[in-house]
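Hydrogens, waters and symmetry mates are skipped; everything else that's a heavy atom, side chains included, is used. The structure displayed is predicted, hence computed values, not measured ones. The chains referred to below are lettered A, B, ... by the order of the sequence lines, with proteins before strands, and numbering in each begins at 1.
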2 protein chains.
Amino acid sequence: MDRTTRHSETRYGNRPTMKDVAARAGVGLKTVSRVVNSEPGVTPDTERRVQEAIDALGFRRNDSARVLRKGRTASIGLVLEDLADPFYGPLSRAVEEVARAHGALLINGSSAEDPEREQELVLALCARRVDGLIVIPAGDDHRYLEPEIKAGIATVFVDRPAGHVDVDMVLSDSFGGAREGVAHLIAHGHRRIGFIGDQPRIHTATERLRGYHAAMRDAGITVEDGWVSLGSTDPERVRAAAEEMLSGPEPVTALFAGNNRVTVTAVRVIAERERPVALVGFDDIELADLLGITVISQDAAAVGRTAAEHLFRRLDGADHAPARVELPTTLIPRGSGELPPA
Amino acid sequence: MDRTTRHSETRYGNRPTMKDVAARAGVGLKTVSRVVNSEPGVTPDTERRVQEAIDALGFRRNDSARVLRKGRTASIGLVLEDLADPFYGPLSRAVEEVARAHGALLINGSSAEDPEREQELVLALCARRVDGLIVIPAGDDHRYLEPEIKAGIATVFVDRPAGHVDVDMVLSDSFGGAREGVAHLIAHGHRRIGFIGDQPRIHTATERLRGYHAAMRDAGITVEDGWVSLGSTDPERVRAAAEEMLSGPEPVTALFAGNNRVTVTAVRVIAERERPVALVGFDDIELADLLGITVISQDAAAVGRTAAEHLFRRLDGADHAPARVELPTTLIPRGSGELPPA
């Protein structure tokens with residue numbers, strides 16, 4: 001419980017409290033509380049004095065009522081990499097549900113996959129006094145977070161690991177999932193399998209590529225030049241990569257899509273081809289069942305929930321060594337991954 | 001420009017400034033600036049005094065550097081109703097892009113369709129000193145926002161109108177879009193058309209229902225009991241409603257789905273039926289092109305961008321009367337809405 005005490009000491013030293021307001025207005029704490037909560041029993045003159053002290057100190061009622069009740073502002077920040085990526089919808093909602101169950105508000109922001117933006121946003125949330133942070137990082141060096149973590153901001157990294165700081169992490173098994181998906185294609189007779197993934201500086205992208213290589217190696221298949229393409233998930237880039245792999249005298253007969261953005265474009269490209277092309281995508285997508293798309297599904301809600309639960313355990317004082325949780329993925333066969341080579 | 005002046009006066013009255021820090025520490029403004037920006041030329045003793053004043057006043061460097069540079073904290077808040085609804089992905093990203101072009105950070109939160117939660121979140125964001133707010137409201141009474149608006153927080157409502165406060169609004173033409181979609185089904189020979197929509201307290205749900213009734217009236221069709229179902233968009237509820245409309249001796253031959261959540265479930269229900277059922281959905285959904293789903297598309301990114309541009313014009317001092325912008329929708333025929341009655 002030592003850590004909890006330190007926690008609350010370091011957190012509230014520089015935030016104006018009701019006590020500060022009372023001292024400045026020259027009244028008792030109960031009087032400030034009455035004014036703040038619009039309770040009767042305060043003369044207009046006293047109310048004015050308290051209000052002036054509140055204004056002068058920048059004391060905010062909404063937050064501070066919570067601070068007094070719970071010993072903290074009861075808000076957590078979630079930093080995503082892309083607000084428009086559907087993977088983060090259920091993840092965010094799960095975090096929000098856990099936050100709500102703890103009486104806390106969730107505020108979000110997006111780094112748009114830009115490490116500088118990530119840092120700016122994280123520090124802005126800290127400056128706005130969130131109690132905890134859940135970060136899906138864009139960058140790979142998070143030493144800028146050290147002062148905030150020391151100051152008591154509980155932090156959990158999600159989906160991708162933290163760099164150079166020792167914090168809780170909740171990840172999906174990207175390596176194992178991709179290995180299983182590629183092995184599934186091999187089991188259905190494919191040997192010429194293309195891999196299209198996200199940018200190589202993104203941890204999940206390289207982990208999934210590692211899974212691809214492991215499955216190919218397990219089956220004794222030598223990966224040829226031109227079977228692997230990492231880069232932006234913009235439809236144009238993915239389309240060009242897929243079309244190149246599917247062209248020429250010896251095209252690939254199957255594709256492994258490194259994430260949901262890649263899968264969506266790969267499905268479109270394949271729909272336009274005459275010959276069937278097998279496909280397994282990492283991440284489930286809405287209506288993929290109706291389109292018969294075989295996927296490696298990560299449970300985005302479970303990832304979010306697990307991360308939020310870790311965060312609140314820290315906020316409640318848990319002081320064990322930082323944990324690294326890796327959640328399993330699930331292969332969902334729906335047709336596209338079970339097609340034999342054309 | 002009168003309003004701009006009033007704006008800055010009202011905004012910074014209760015926020016600790018560098019000047020307050022300087023006064024409390026008994027040093028000059030330049031000295032505080034040096035400490036805050038970690039510049040040399042300050043003795044350790046002076047630095048300690050400045051730091052104590054910063055702590056005592058709750059002055060935060062990250063924010064206040066921006067406040068001094070731009071005259072504001074450069075952050076805007078976006079309150080959504082559901083983090084997991086894919087309609088808000090492109091909307092949020094468009095808001096973020098405009099915010100970034102103005103050097104501002106975006107922080108989000110979700111009301112989860114709960115009016116109390118909406119109010120709590122909006123006030124929490126105000127307490128964290130956002131400069132502006134974009135709100136997709138859950139409730140229909142927003143008088144709680146009046147003090148914040150008076151205090152200079154620029155506010156734009158999106159997707160649904162504000163209640164009892166006079167602010168900028170950016171909406172889609174829900175009435176016109178639904179009317180066009182239902183008229184499209186009628187033009188393809190349908191007379192028995194079911195409408196499944198969101199909860200009746202949601203403005204867009206009732207506007208779309210009004211569009212349905214207008215199209216039916218235009219065609220001289222009397223809407224029968226059991227053809228209209230409003231309620232939660234949970235798959236179970238929508239499935240039960242759709243199955244009921246499609247059963248019995250005189251089932252409907254077409255469905256109009258009031259939003260993307262309803263469409264997704266309606267597509268699944270229809271896929272299980274033997275007879276074809278025509279379908280038009282409000283909102284586009286990913287991969288709807290490959291599934292041949294006819295939709296009334298709203299441009300979520302344009303809605304977000306327009307709202308954010310209005311907000312920044314207000315923050316730049318525009319003081320015209322609150323505007324109400326209604327963006328048009330587009331019918332995209334893809335097959336499901338062009339099926340004749342079975």
Side-chain angles (χ1 to χ4, degrees), chain A residues 13-16 20 54-64 66 73-75 77-78 80 82-86 88-97 100 105-110 112 117 120-121 123-130 264 267-268 271 285-291 293 301, chain B residues 13-16 20 54-64 66 73-75 77-78 80 82-86 88-97 100 105-110 112 117 120-121 123-130 264 267-268 271 285-291 293 301:
Chain A
N14 56 5
R15 172 187 294 154
D20 299 332
I54 285 172
D55 291 350
L57 293 169
F59 175 90
R60 296 290 300 206
R61 186 179 56 184
N62 291 311
D63 276 3
S64 43
R66 282 194 204 98
T73 59
S75 72
L78 169 62
L80 305 171
D82 181 356
L83 290 170
D85 186 329
Y88 298 117
L91 189 155
S92 303
R93 188 150 68 176
V95 170
E96 187 176 58
E97 277 162 11
R100 187 169 328 171
L105 283 168
L106 173 67
I107 53 187
N108 279 354
S110 151
R117 188 93 187 158
E120 192 184 10
L121 184 59
L123 293 177
L125 290 172
C126 291
R128 282 171 181 75
R129 292 167 187 150
V130 294
V264 165
V267 168
R268 289 189 205 289
I285 36 181
E286 190 154 59
L287 298 177
D289 53 337
L290 292 179
L291 287 162
I293 306 169
Chain B
N14 56 5
R15 173 187 293 154
D20 299 332
I54 285 172
D55 290 351
L57 293 169
F59 175 93
R60 297 290 298 206
R61 187 179 55 186
N62 291 313
D63 276 4
S64 42
R66 281 193 206 101
T73 57
S75 73
L78 169 61
L80 305 172
D82 180 357
L83 291 170
D85 185 330
Y88 298 117
L91 190 155
S92 303
R93 186 150 69 176
V95 170
E96 186 176 58
E97 277 162 12
R100 187 172 326 171
L105 284 169
L106 173 67
I107 50 186
N108 280 355
S110 151
R117 188 91 186 160
E120 192 184 12
L121 184 59
L123 293 177
L125 290 172
C126 291
R128 282 171 181 76
R129 292 172 187 145
V130 294
V264 165
V267 167
R268 290 190 204 287
I285 35 183
E286 191 154 58
L287 298 177
D289 53 335
L290 292 179
L291 288 163
I293 305 169

So which heavy atom on A/P90 is nearest to which on B/A84, and how close?
N-CB, 4.1 Å
Taking only residues two or more places apart in sequence, or in another chain, which ones meet B/E97 in a salt bridge (charged side-chain N to carboxylate O under 4.0 Å, His left out)?
none
Between B/I285, B/L106, B/L125, which residue shows the highest count of heavy-atom pairs closer than 4.5 Å to chain A?
B/L106
Examine whether an atom of B/L78 lies under 4.5 Å from a heavy atom of chain A, and if so say whether it belongs to the side chain, the backbone or both; otherwise answer neither.
neither
Which atoms of B/R117 approach chain A - backbone, side chain, both or neither, heavy atom under 4.5 Å
side chain
Which bit of B/D289 comes within less than 4.5 Å of chain A, counting heavy atoms only: side chain, backbone, both or neither?
side chain
Step by step, would you call B/L290 with A/R268 a side-chain contact (heavy atoms from CB on, under 4.5 Å)?
CA-CA 8 Å; B/L290 292 179; A/R268 289 189 205 289; 4.2 Å; yes
Heavy-atom closest pair, residues B/E286 and A/V264
CD-CG2, 3.7 Å
Relative to chain A, which of B/L291, B/N108, B/I107 shows the most heavy atom pairs under 4.5 Å?
B/N108
Qualifying residues under salt bridge (charged side-chain N to carboxylate O under 4.0 Å, His left out), relative to A/D82, sequence neighbours excluded
B/R93
Select one option (side chain, backbone, both, neither) describing which atoms of B/L91 are under 4.5 Å from chain A's heavy atoms.
neither
Among B/A301, B/S110, B/G77, which residue has the highest count of heavy-atom pairs closer than 4.5 Å to chain A?
B/S110
Do B/V95 and A/L83 come within less than 4.5 Å of each other through their side chains, counting heavy atoms only?
no
